[in-house]
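Worth knowing before you read on, the calculation uses all heavy atoms, side chains too, and leaves out hydrogens, waters and symmetry mates. In listed order, ligands and their atoms are each counted from 1.
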Amino acid sequence: MVLCALRRELLKSSSSCGSWARLLQRRSSGCVYSSTHDFTQKEVREKLQAFPGGSIDLLKQDSGIAVLTINNPSRMNAFSGSMMVELEEKVSQLENWSDGKGLIVRGAAGTFCSGSDLNAVRALSNPEDGMKMCMFMQNALTRLLRLPLISVALVEGKALGGGAELTTACDFRLMTSDSVIQFVHKHMGLVPGWGGAARLVHIVGSQSALKLLGGALKVDFQYGLHIGLADGVLEASQVQEDAETLLQQAENWLSRYVKGPAPVIQAVKKVAVSGRELPLSDALRTEKDVFGTVWGGPANLQALASKSKHK
Ligand SMILES: CCC(=O)SCCNC(=O)CCNC(=O)[C@H](O)C(C)(C)COP(=O)(O)OP(=O)(O)OC[C@H]1O[C@@H](n2cnc3c(N)ncnc32)[C@H](O)[C@@H]1OP(=O)(O)O
């Protein structure tokens with residue numbers, strides 16, 4: 001259904017090079033669910049605000065790499081309702097960051113995220129509220145994954161439940177040697193609802209995804225690398241400034257992918273997203289449109305003028 005909607009939107013878009021930008025713009029207001037799905041963003045936002053605690057902190061750096069921190073250490077960085085709302089706000093800010101190229105998503109105080117705040121979950125346990133929360137988070141995380149920035153989840157400590165789902169809303173995952181990603185949903189009598197199952201299948205394939213979900217398996221860095229859930233390992237040192245060292249390592253890892261002008265990096269991400277999400281003919285048309293935004297652009301002209309060789 002989502003693909004059909006996306007295809008319709010693409011077909012409606014003109015063939016000019018701005019069609020992708022317009023598509024993203026439209027998506028950012030509605031994304032997967034909108035009023036046509038009996039979903040009112042504002043109404044759900046207000047309901048979620050009744051469960052405060054923690055914060056989602058965004059630091060946009062001159063390097064073009066932003067750091068998004070899930071910050072609720074007293075609850076192992078579990079998502080309160082207000083944090084879900086803040087996440088959506090921060091995604092909106094990133095959608096409009098024209099100088100942006102990369103994003104690192106991490107947890108505060110040495111652990112990634114323990115999923116949704118169980119206190120809020122208990123209070124929202126009726127099916128209607130649960131569905132609304134799930135739609136809100138699917139919207140926010142889908143928009144996070146579709147940002148025109150190359151994103152990395154820096155997984156320290158535990159990424160459990162919704163925290164594991166959050167890692168799949170990034171393009172890449174870097175794990176520390178003592179970290180664990182675990183889809184614990186089955187133990188909670190649940191399945192993922194923030195889009196984590198669908199994204200997991202895309203990342204590791206349906207066989208491995210079924211094992212991770214069906215067995216609620218603990219994925220350490222070795223297993224993560226083996227099945228393709230992890231893209232690299234970072235060494236946590238025992239020194240005091242551990243967190244910054246890891247963040248620096250993640251920035252170094254990311255830097256090779258975000259080297260270059262922002263319009264080119266953003267174009268790279270856009271063609272990767274369309275290839276990942278769209279049927280081939282639509283992805284090809286989108287690729288052509290995105291190509292049109294960089295062809296003859298400053299970076300292209302400069303490369304031509306310098307007669308660069310790729311040795
Ligand atoms: C979308 C679907 C979902 O996300 S469902 C939620 C899935 N997550 C969970 O079930 C996580 C449950 N928590 C745990 O398993 C453990 O707390 C983990 C994260 C392994 C940490 O264990 P440990 O290092 O021993 O610390 P602890 O248990 O003493 O926790 C410290 C304080 O944090 C809290 N905490 C932890 N996770 C949550 C959570 N998801 N929601 C609300 N609070 C959480 C603990 O209750 C504990 O608080 P307190 O110090 O007892 O007040």
Anything under 3.5 Å between an N or O on ligand 1 and a protein N or O? List each pair with its distance, or write none.
{"unit_1": "ligand 1", "atom_1": "4 (O)", "unit_2": "S116", "atom_2": "N", "d": "2.9"}
{"unit_1": "ligand 1", "atom_1": "4 (O)", "unit_2": "S116", "atom_2": "OG", "d": "3.4"}
{"unit_1": "ligand 1", "atom_1": "4 (O)", "unit_2": "G162", "atom_2": "N", "d": "2.9"}
{"unit_1": "ligand 1", "atom_1": "8 (N)", "unit_2": "S114", "atom_2": "O", "d": "2.8"}
{"unit_1": "ligand 1", "atom_1": "33 (O)", "unit_2": "S74", "atom_2": "O", "d": "3.2"}
{"unit_1": "ligand 1", "atom_1": "37 (N)", "unit_2": "S114", "atom_2": "OG", "d": "3.1"}
{"unit_1": "ligand 1", "atom_1": "40 (N)", "unit_2": "S114", "atom_2": "O", "d": "3.1"}
{"unit_1": "ligand 1", "atom_1": "40 (N)", "unit_2": "S114", "atom_2": "OG", "d": "3.3"}
{"unit_1": "ligand 1", "atom_1": "40 (N)", "unit_2": "S116", "atom_2": "O", "d": "3.1"}
{"unit_1": "ligand 1", "atom_1": "41 (N)", "unit_2": "L118", "atom_2": "N", "d": "2.9"}

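- Clustering of Ile, Leu, Val, Met, Phe, Trp and Tyr by side-chain heavy atoms under 4.5 Å joins F291 with W295.
- For P73, the side chain to side chain contact (heavy atoms under 4.5 Å, CB included) criterion is met by N71, N77, A108, A109, not counting sequence neighbours.
- Side chains of T40 and R45 form no contact here, defined as non-hydrogen atoms less than 4.5 Å apart.
- When each of I150, I104, L103, L59 is tested with I65 by the rule side chain to side chain contact (heavy atoms under 4.5 Å, CB included), just one qualifies, namely I104.
- Considering only heavy atoms from C-beta on, Y223 comes within 4.5 Å of L212 through its side chain.
- Looking at residues two or more places apart in sequence or on another chain, you find a side chain to side chain contact (heavy atoms under 4.5 Å, CB included) between P192 and E165, F183, H185, A197, L213.
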